[in-house]
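Please read the structure below before turning to the comments.
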Amino acid sequence: MIKHEKFMNANAIILENDTIHLVCLPDFGGKIVSLYHKERDFELLFQNPTGKFRKAEPGSDYSDFEACGFDDAFPNIDGEIVKVGSNYITYFDHGEIWTAKFECQEQQGGILLSYCSPYLKYRYEKLFTLSDNILRADYTIKNEGNIEFPCFWTCHCLVKYKSDMRLIFPRGINSVVNVFDSDFLGPSGSVYRFPKDYIDGNKEYNFTRVPEADSATALKYYCCERSQEGRCGYIYPSDGMKAVIRFNPEELPYLGFWLTTGGYRGDINCALEPSNGFFDSITTASKNEKCPILGPGKEMRFFLELSLDSIR
């Protein structure tokens with residue numbers, strides 16, 4: 001079933017079957033703001049705490065707006081000036097897509113959202129379909145211009161935090177690198193063994209768990225190794241639920257993890273973030289030689305499947 005409604009103050013498209021109820025906002029980057037398992041009365045996504053959505057313009061500061069739900073970071077995360085061809089182009093904070101207004105049409109029993117960038121001349125499409133307890137998202141990004149440009153895509157799916165939740169990582173991860181200075185993980189660039197290592201010199205930390213709710217921290221780290229398995233996710237023991245994200249590890253080989261227990265704007269959420277760049281800025285990813293280049297007429301194609309399952 002597909003229908004049009006209001007969600008808070010925004011125009012929304014509802015995609016629903018017997019198991020899953022999904023709410024998407026085409027005018028706000030095609031953001032999914034609710035992914036709800038009906039039988040289990042379980043909402044996965046972190047909800048907008050302000051009760052309304054404000055429309056951002058390209059180049060807006062992401063932290064000034066509603067960081068919630070499932071949207072996309074493309075062609076970057078950290079804003080900066082990047083040389084593209086013979087010109088210098090502004091790559092916006094958290095990319096361009098989250099501020100974009102998408103065209104939407106019904107297709108293949110789902111909803112197809114599309115947007116054409118006036119800045120980098122790419123066409124961005126995402127198709128959302130439901131099958132039983134699974135959301136599938138198929139992405140196509142095509143450079144319709146005549147100049148190649150560096151870019152990477154990162155899943156930006158903020159989920160609800162529970163202190164007893166457990167994180168599912170792909171096989172083959174042996175270490176993680178801290179992305180920014182924090183009281184919890186120390187200076188940026190610190191590398192830790194996975195799944196357990198000592199932080200603050202003598203405190204053992206399990207990276208498959210999360211800090212306590214009263215820690216008032218914010219952190220982000222990336223797995224140092226490429227994913228050998230296209231699978232990550234969350235287990236919520238107190239809810240009796242599991243959310244699993246599946247993807248092709250050749251297409252999205254890098255994995256980050258973000259968490260705030262109040263350390264960022266007072267928000268409490270977290271996100272496992274499959275990506276094809278390592279990591280966050282074009283400059284850093286290029287320095288690491290892990291930044292894709294999208295040539296004229298070329299496409300990126302990839303998918304995610306997100307399943308909600310009972311563990312009881």
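- Environment of CG in D164: crowded, with over 12 heavy atoms of neighbouring residues, nucleotides or ligands closer than 6.0 Å.
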Open item on the list: Test side chain to side chain contact (heavy atoms under 4.5 Å, CB included) on T283 and Y91; report intermediate values, then the result.
Closed with: CA-CA 11 Å; T283 296; Y91 277 47; over 6 Å; no
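- Qualifying ring-ring contact (aromatic ring centres under 6.0 Å, His included) partners for Y236, counting only residues two or more places apart in sequence or in other chains: F42.
- Counting heavy atoms from C-beta on, the side chains of I282 and F152 come closer than 4.5 Å.
- No more than 12 heavy atoms of other residues, nucleotides or ligands sit less than 6.0 Å from atom CD of E39.
- Salt bridge absent: E144 and K121 never bring a charged side-chain N and a carboxylate O closer than 4.0 Å.
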- [ ] Apply the test side chain to side chain contact (heavy atoms under 4.5 Å, CB included) to residues L45 and C157: give CA-CA distance (whole Å), side-chain angles for both, the deciding distance (0.1 Å), then the verdict.
- [x] CA-CA 7 Å; L45 302 182; C157 183; 3.6 Å; yes
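- Here the side chain of N206 pairs no donor or acceptor atom with the backbone of K196 at under 3.5 angstrom.
- Within a 6.0 Å sphere centred on NZ of K101, other residues, nucleotides and ligands contribute 12 heavy atoms or fewer.
- Atoms CG and CD1, on N87 and I81 in that order, are 12.0 Å from each other to the nearest 0.5 Å.
- The heavy-atom pair separating S63 from D93 by the smallest distance is N-OD2, 4.4 Å.
- The closest side-chain heavy-atom distance from L185 to Y192 is below 4.5 Å.
- In this structure, F184 and Y205 have perpendicular ring planes: the angle between them is above 60°, well past the 30° mark.
- At least one donor-acceptor pair under 3.5 Å links the side chain of K38 to the backbone N or O of N17.
- Residues satisfying the side-chain hydrogen bond (donor to acceptor under 3.5 Å, both in side chains) criterion with T140, sequence neighbours excluded, are R301.
- A donor atom on one side chain and an acceptor atom on the other are not found under 3.5 Å apart for E251 and Y139.
- The shortest side-chain heavy-atom distance between F247 and C232 falls under the 4.5 Å cut-off.
- More than 12 heavy atoms of other residues, nucleotides or ligands shown are found within 6.0 angstrom of NZ on K162.
- Other residues, nucleotides and ligands contribute at most 12 non-hydrogen atoms within 6.0 Å of the CD atom of E289.
- Between I111 and C24, the shortest heavy-atom distance links the atoms CD1-CB, 4.0 Å.
- Considering CD of E96 and SG of C151, their distance stands at 11.5 Å, rounded to 0.5 Å.
- No option in H37, K160, R40 other than K160 meets the side chain to side chain donor-acceptor pair (under 3.5 Å) test with D239.
- At most 12 non-hydrogen atoms from other residues, nucleotides or ligands lie less than 6.0 angstrom from NZ of K287.
- For the atom pair CZ of F180 and OG of S188, the computed distance is 9.0 Å after rounding to the nearest 0.5 Å.
- For CG of N146, the number of neighbouring non-hydrogen atoms (other residues, nucleotides, ligands) closer than 6.0 Å is 12 at most.
- Of all non-hydrogen atoms in P237 and I235, the two that sit nearest each other are CD-O, 3.3 Å.
- In this structure, the side chains of L259 and T217 come closer than 4.5 Å at one or more pairs of heavy atoms.
- The residues K298 and E148 are annotated as not salt-bridged, no charged nitrogen and carboxylate oxygen being separated by less than 4.0 angstrom.
- With contacts defined as side-chain heavy-atom distances shorter than 4.5 Å, the pair V33/E66 does not qualify.
- Figure legend: cation-pi geometry between K220 and Y264 absent, as NZ or CZ is not positioned both under 6.0 Å from the six-membered ring centre and within 45° of its axis.
- Annotation: the span from K142 atom NZ to R123 atom CZ amounts to 10.0 Å, rounded to 0.5 Å.
- Scanning both residues, H156 and A73, for their nearest heavy atoms gives CB-N, 4.4 Å.
- Summarising the local packing, CG of D18 is surrounded by 12 or fewer heavy atoms from other residues, nucleotides or ligands at distances under 6.0 Å.
- For Y115 and F102, the distance between ring centers is under 6.0 angstrom.
- Side-chain contact between L306 and L44: present, with at least one pair of heavy atoms (C-beta onward) separated by less than 4.5 Å.
- Y254 and F194 fall within a single hydrophobic cluster, where Ile, Leu, Val, Met, Phe, Trp and Tyr are joined by side-chain heavy atoms under 4.5 Å apart, directly or via other members.
- Here F65 and H94 keep their ring centres 6.0 angstrom or further from each other.
- A ring-centre distance under 6.0 Å is found for Y221 and F207.
- Note on ring orientation: taking the six-membered ring where Trp is involved, the planes of F74 and F149 are perpendicular (angle over 60°, cut-offs 30° and 60°).
- Distance CD/E250 to CG/N276: 12.0 Å, rounded to 0.5 Å.
- With a 4.5 Å cut-off on side-chain heavy atoms, R136 and S131 do not count as touching.
- The aromatic rings of Y222 and F278 sit perpendicular to each other, their planes meeting at more than 60°, with 30° as the lower class boundary.
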